[in-house]
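Take a look at the structure below.
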Amino acid sequence: MSSESETVQVLACHAVTVAYAGLRAVSSVSFAVRRGEVVGLIGPNGAGKTTLVNAMSGFAQISEGSITLNGAEVSHLAPEHRAHRGLARTFQHGRLFKDLSARENIELGALAVGCSGREARRRAAALLEETGLLSLAGVPANELSHGDQQRVSVARAVVAGPAFLLLDEPAAGLPAESLAELGTVIEQARSGRDAGVVVIDHNVEFVMGLSDRVVVLDHGQVLVEGAPDYVRHHEEVLAAYFGSVATEGLSR
Ligand code: ATP
């Protein structure tokens, strides 16, 4: 793992374990993301990906290890306090305000971090355009497809200008033609806003294309970590995925 120097801003897990009634959903995982890099988090169903992101963002309690943000331990901070320190996330199931429009949901993401109404409207308008959601701006969230709800969720997280952005299956339900727009938004969060981004997705090709580095989880543990091309051809990764639906993007 990279060191947490004064200058490099890092979100890190140190030997983190999350246990549910005896099941170690995440088992002694060490993993870090620096600002300005995109890290893909992949693995078969039940590997522990969401649990790890829940632990990093404060939605799952860790039983061992620690989580640090720029060197300061945040393991016991509530999700909203981590959010105030610059950590934003999305959920597999959007968690949008169902009766509010796509635009209003995105504006709320900006208002929540203290933007004025005018600034929130400006940022939301820009993100609606970037995410390809402009034509759906006025549609209530509960009338959007799952894929479009995921896009709104990503925009709502990005609009806050976070230092770290954790995305749980942002491409789920999105048609192929919308993936490029989503990829651009994530890339802009990294390069334009210098965010450190963690992306979980079962579309392995999408994750590989975006990521500087990929971490593969299996049975709650880090199986392999490395550059996309290294991971793509790694025998243990292929074995872990064998028989799984999530093989797109892995070469055999
Ligand atoms: P998927 O790709 O299917 O979303 P995942 O890699 O994100 O899977 P997790 O959802 O983190 O995996 O689940 C890891 C393990 O922990 C699974 O065995 C799951 O059943 C279990 N688990 C997750 N959340 C809970 C919970 N709240 N209570 C009990 N067990 C849980």
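Counting starts at 1 for both ligands and their atoms, in listed order. Just so it is clear, the model here is predicted, and its values are computed rather than measured.
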Exercise for the section: Give me the ring orientation class for His84 and His81: parallel if the planes are under 30° apart, tilted from 30 to 60°, perpendicular past 60°. Expected result: tilted
To check your reading of the model: name the closest protein heavy atom to [atom], its residue, and the distance in Å.
atom                    : value
atom 7 (O) of ligand 1  : Thr50 N, 2.9 Å
atom 3 (O) of ligand 1  : Asn45 OD1, 3.1 Å
atom 9 (P) of ligand 1  : Thr51 OG1, 3.6 Å
atom 24 (N) of ligand 1 : Tyr20 CE1, 3.4 Å
atom 4 (O) of ligand 1  : Gln92 NE2, 3.1 Å
atom 20 (O) of ligand 1 : Leu23 CD2, 4.7 Å
atom 6 (O) of ligand 1  : Lys49 NZ, 2.7 Å

Practice task
Check whether any side-chain heavy atom of Phe31 lies under 4.5 Å from a side-chain heavy atom of Leu217, and answer yes or no.
Solution key: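 Counting from C-beta outward, Phe31 and Leu217 never come under 4.5 Å.
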Practice task
Would you check if Leu166 and Leu87 make a side-chain contact, meaning some heavy-atom pair closer than 4.5 Å?
Solution key: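 SC-SC contact between Leu166 and Leu87 confirmed.
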Problem - Salt-bridge contact Glu205-Arg232 (side-chain N to carboxylate O under 4.0 Å) - result: yes
Practice task
Decide whether Glu104 and Ser101 meet the rule of one side-chain donor and one side-chain acceptor closer than 3.5 Å.
Solution key: yes
Handout entry: Distance filter under 4.0 Å to Pro44 heavy atoms, resulting ligand 1 atoms
Key =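 Once the distances to Pro44 are compared, the set is 6 (O).
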Practice task
Looking only at distances, please establish whether an N/O atom of ligand 1 is found under 3.5 Å from an N/O atom of Ala47.
Solution key: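 In this structure, Ala47 places an N or O atom under 3.5 Å from an N or O of ligand 1.
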Problem - Any protein heavy atom < 4.0 Å from atom 11 (O) of ligand 1 - result: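 Protein heavy atoms within 4.0 Å of atom 11 (O) of ligand 1 - there is at least one.
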Practice task
Counting heavy atoms only, name the option from Gly22, Ala19, Ala25, Ala21 that's nearest to atom 15 (C) of ligand 1.
Solution key: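 Heavy atom nearest to atom 15 (C) of ligand 1 belongs to Ala25.
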Practice task
Name the option, out of Ala60, Ala172, Gly46, Gly48, that contains the heavy atom nearest to atom 17 (C) of ligand 1.
Solution key: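 Selected option, by shortest heavy-atom distance: Gly46.
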Exercise for the section: Could you check Leu182 against Phe206 for side chain to side chain contact (heavy atoms under 4.5 Å, CB included), going step by step and ending with a plain yes or no? Expected result: CA-CA 10 Å; Leu182 177 62; Phe206 174 71; 3.6 Å; yes
Exercise for the section: Apply the test side chain to side chain contact (heavy atoms under 4.5 Å, CB included) to residues Ser30 and Val222: give CA-CA distance (whole Å), side-chain angles for both, the deciding distance (0.1 Å), then the verdict. Expected result: CA-CA 8 Å; Ser30 294; Val222 175; over 6 Å; no
Handout entry: Glu235 atom CD, neighbour heavy-atom count above 12 within 6.0 Å
Key = no
